[in-house]
Every structure is written in C-alpha cells, then in structure tokens.
Protein chains: 2
Amino acid sequence: MKKKEKKPEFEKYEYSAAAVDLVIFAIINGELNTLLIKMKYKPFQGELALPGGRIRVYESVDECAKREIKEKVGINNIYVEQLYSFGDIKRDPSIRIISISYLALIDNTDNIKLKTTEKYEEICWMPVNKVHKLAYDHNEILKYALSRLKSKLIYTNIVCNLLPKKFSLSEMQRVHEIILDRKLDKRNFRKKVFSLDLIKEAGREEGVPHRPSKLYSFKTKKLMIVEMF
Amino acid sequence: MKKKEKKPEFEKYEYSAAAVDLVIFAIINGELNTLLIKMKYKPFQGELALPGGRIRVYESVDECAKREIKEKVGINNIYVEQLYSFGDIKRDPSIRIISISYLALIDNTDNIKLKTTEKYEEICWMPVNKVHKLAYDHNEILKYALSRLKSKLIYTNIVCNLLPKKFSLSEMQRVHEIILDRKLDKRNFRKKVFSLDLIKEAGREEGVPHRPSKLYSFKTKKLMIVEMF
DNA sequence: ACAAAAGTGTTCAGGCTACACCCATGG
DNA sequence: CCATGGGTGTAGCCTGAACACTTTTGT
C-alpha cells in the first residue's frame, strides 16, 4: 500500500502535536545574533534549526517557551514574547506538528553557557545575516521574528532588553543601527531619547582612551508604546 | 483517588489538542458586531462563545480557520488573519486545548445566512460593546482582536474589508469612527484618504433626500502599510 | 423653501531632518 | 599633542489639528 494523505473520518479530530520554536536574539560583536542548534537526526541531520521543543501536558505554552530557554541558555527573566503560529501540514515532514514561535532577547551573552542536549549535535550563536537555509520552515520564522523586532524597536522601548543595565547613548544608538540596518543621526537620536523620558543617568564610563561617556539606565523595563523613530 | 494535576513522565509528550477560535467582525446598523454562538452542552451550557473548532489532521491551521468561517457564515474570500495563540492549561476546563485565534472581517452581512450546527444552540451577531461574559478565555481573545483591528485601521488600509465595493467617504469615515470610538474631522479625513491614493471614483449615490455623495472603490484590497491616522 | 448630508481651504504649532564643530580623556 | 569617540544647537520643512460655511438634492 502506497503512503498517501490519510483522511478517514474516525481520526478527523486526532490531536495535533504542538511545539514551541524560539528565536533568541542577542547583540554580539556589533552584530545581531540568533541562537541555532545543529540537528543530530534525520530528516534534517546536520542542518541548522531554531531551538525548540514539544509542549508538555502540564505546562502552558508560555511556560514551555520559558522552560526551553532555561534549558538552552540557563537563564530566566529575559524578555519573551509570542510571535505567530505556523501550522502547515507538512512543515515537519515526519509528523503533523504546529509550531508556536517565540521571540526572546538577551542583553548580555558573557555569562551564558550554552547547553547541548543529547538531541542536538551543537548549539551556537550565529549572526542573523549569515544564516542560510534552516531546517523546517525556520527561515520563515526567523524572518518574522526579525520584522517584529524591527517594528517594536520603532514604536516601543523594547531596546532596553538588548542593553546592559548601564549603557551609553552611543551604545543604544548602535543597537538601533544594527537592527534597523541604517545610520541614525546622533543629535536627533539623543534629542528623541531624552524627550521620551525613559532613562536616567547612571554614572560615567571609565578607563577608555577618549572622553568617557555618561552612562544611563532605563527607569523601567516594562514594555511601553513610545514612538521612537 | 482525588483528581489532580497529572505529571507522569510517560505522558510528558502527549499530544496537545489544538483548535481555532474566530473573531468575525462586521459593521451592522452603525455598530461593530461580532459573531457568537450559544453553547449547548456543559461546562458552558447556555453561555456565549466565539465560534471555532478543532483542527483536523488533514488541514493546515489557516485552512481550518477558513473552513470554520465557511461553515458558519457560508462564504469564502473574506479577510482572515491569525491573531495569537492562547495556551493556558486550564483555559478549557475539560481538556487541555490550545486555541489559535483568527480575525475575520465581513463587508456586508445582508446575504449571509447564519448556520447553526448541532453543536450550538444558536448563532448570532452581537454588538461588541454589548458583549459580557463569554465562555473560556474568549473575552480575552475578543479584546485582543479588537485591539489588533484598531491598530491596523490606523496603519494599514484594512478598512477596505469592512466596506462594500462602492462606498462614500462619509461611510468610510463612519467605519473608522465606530471602531476607533472617536470623532474624526471630516476635512482632515478626506484630505488624508485622498493623499494616500488608495481609492478611485466609482459613480454617485442616487435617490437620497440630500446631495448625493460621490462613490469610491479601492484600487486594491491587498493589505498595505499606510499611515492613516 | 427647507431639511439633510456632501463637499471644500487655510492657518498654526510641533516634530522631523539635515547638518559641523568643540570637548574630555588616555597614551 | 594626537587619536578617539563623546557631546551639543539651529533653521527649514512637512504634517497633523483646529475650525465654518456653501452646495446639491428630494420633498
């Protein structure tokens, strides 16, 4: 008997499997990076993919995303936001599985130890614009995540989740420029940021071979709608 | 043995059930309405809820949304957009089920025959601001849909999906005012709409006891990002 | 002629853009 | 004293907001 699309009534309502896929962004060496895993088993053996995993019966979808992040990068309390659900039948060639994608942001990767599990061959950061073909429909998910990040950068204070506690305005501007992929005017940037009243002074830089910058921190990291650019 | 949260390892990866819930909006009698069903069986017997249904194994999530719409209102080819996935464990008290919510817009309800199925007691339109307690987490879903509609009204041409083929600018302004729930200035509205170059003339109104308005139609119904207000 | 809704311009204020030089520090 | 990045102000333009009267039709 040849394998084909099954459509018998009795399994019409069969449960769908659901999973979470993560787009975890961080700024590393002046580039926007995302976390990827290298797959160990077929059908995508050796290919890169977004980290993720099946949703368990005793956890909510949000909890699943947070657990997966904890498992992969070992931290809690980072910014996490649901993106979109991808539900094509054959997005996973082996079984029918719906993917609920999440965006997460990490402000500092220095203390992060990436944890390979037995299911993956490798886990690593990769600059977003060096990413080529990913497994499944993960290119589409990554693209979606990036466009969400860009727009939220423009109309919210989400950038606070990509900056350390204390930062200079040049640093902040650099993050914007990296993600939006265009130059911004320094004076206009500063004027705008100050006018939004989101940050407060937090000391000065030290030991740099040039005029030290003032440091700032966000008054709050709560996500707020503010017209930035 | 008392019922409690189960968490045995062997069913850690048990499939989650997934369903689609629909927020179908239409303007009726100068109000924003949404389609609701009255539930026939427990645990929400007699309560109102959003229409929806389980995702079948042989259909994508998007296809499921479209099928459900076809079943309830008998039409295809309307605007449909995925909203958000709601995944709390106990959002359905009986079984664990993830809901992927969709927004749909209907431009004209005159020729629509609502179809009750055996599973529902009733199906009806209800003005959004007369909706009280709904079953499940459906108030939250409705609220999310409304906020998405409001923001897309501001930064896209989505309004074209709530207007008939030919419409006057006053009609269009009325739709904006109904949904945004605030008055707009007539001259500024017209100036803005014309400047966007989205519509073309399409005749005149006839047989009204006052100066007939020019009618317009959209050059395209493709969703476009345009700063409207 | 009247009731009802359609249609039409101008002014003002605030925000966005473009742009170039001096400052503070370490080496 | 030099190299490096930090920090600052202004002028023109464009856009959004406020605002009231005339026009066209049916009755």
Side-chain angles (χ1 to χ4, degrees), chain A residues 27 29-30 150-151 153-157 159 163-164 166-178 180-217 224-229, chain B residues 27 29-30 150-151 153-157 159 163-164 166-178 180-217 224-229:
Chain A
I27 304 285
N29 301 327
K150 282 184 184 180
S151 41
L153 206 63
I154 290 171
Y155 76 90
T156 74
N157 63 340
V159 67
L163 287 166
K166 298 179 176 191
F167 55 89
S168 68
L169 283 191
S170 300
E171 253 175 294
M172 182 171 169
Q173 182 176 343
R174 219 169 303 134
V175 172
H176 275 87
E177 291 177 338
I178 289 165
L180 298 178
D181 197 29
R182 66 171 206 258
K183 276 285 180 195
L184 298 172
D185 180 87
K186 184 158 57 159
R187 279 172 289 192
N188 294 337
F189 184 87
R190 299 164 102 87
K191 226 181 311 172
K192 191 63 204 265
V193 171
F194 287 134
S195 78
L196 294 173
D197 194 37
L198 297 171
I199 59 176
K200 54 173 188 270
E201 296 200 12
R204 301 180 68 76
E205 206 178 13
E206 271 170 34
V208 286
H210 55 75
R211 176 172 176 177
S213 53
K214 281 188 187 173
L215 298 179
Y216 297 88
S217 61
M224 294 193 295
I225 309 297
V226 291
E227 207 60 49
M228 280 217 137
F229 298 102
Chain B
I27 305 284
N29 300 328
K150 281 183 184 180
S151 41
L153 206 63
I154 291 171
Y155 77 89
T156 75
N157 63 341
V159 68
L163 287 166
K166 298 180 176 192
F167 53 89
S168 68
L169 283 190
S170 300
E171 250 174 296
M172 181 172 171
Q173 183 175 343
R174 220 169 302 132
V175 172
H176 275 87
E177 290 178 339
I178 289 165
L180 299 177
D181 197 28
R182 66 171 205 258
K183 276 284 179 195
L184 298 172
D185 180 88
K186 184 159 55 159
R187 278 172 289 190
N188 293 337
F189 184 87
R190 298 165 101 88
K191 227 180 309 171
K192 192 62 203 267
V193 170
F194 287 134
S195 79
L196 294 172
D197 194 37
L198 298 172
I199 59 175
K200 55 171 187 270
E201 296 199 13
R204 303 179 68 75
E205 206 178 13
E206 273 170 33
V208 286
H210 56 75
R211 178 172 175 175
S213 52
K214 280 187 187 174
L215 297 179
Y216 297 88
S217 62
M224 294 194 295
I225 308 296
V226 292
E227 207 59 50
M228 280 220 137
F229 298 102

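As the structure is a prediction and not an experimental result, all values here were calculated from the model. Every chain is numbered from 1, with letters handed out A, B, ... down the list of sequences.
Distance, B:Glu206 CD to D:dT27 P: 13 Å, rounded to whole Å. Rounded to whole Å, the distance from CD1 on A:Ile154 to C1' on C:dC16 is 14 Å. For the pair A:Glu227 CD and D:dT15 P, the interatomic distance rounds to 16 Å; values are reported in whole Å. Atom-to-atom, NZ of A:Lys183 to C1' of C:dA18 comes out at 16 Å; the value is rounded to the nearest Å. Look at CZ on B:Phe189: it is 19 Å from P on D:dT15, rounded to the nearest Å.
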Base-contact (B) and sugar-phosphate-only (S) positions in nucleotides 5-14 of chain D, heavy-atom cut-off under 4.0 Å, - elsewhere: BBBBBB----
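Side-chain contact between B:Arg190 and B:Ser170: present, with at least one pair of heavy atoms (C-beta onward) separated by less than 4.5 Å. Contact annotation: the side chain of B:Tyr216 never approaches that of B:Lys200 to less than 4.5 Å [non-hydrogen atoms, C-beta and beyond]. Looking at heavy atoms from C-beta onward, B:Asn157 lies out of side-chain contact with B:Leu196 at the 4.5 angstrom threshold. The closest side-chain heavy-atom distance from B:Glu171 to B:Ser213 is not below 4.5 Å.
Take B:Asp181 and apply the side-chain contact (heavy atoms from CB on, under 4.5 Å) test, not counting sequence neighbours, and it matches no residue.
At most 12 non-hydrogen atoms from other residues, nucleotides or ligands lie less than 6.0 angstrom from NZ of B:Lys166.
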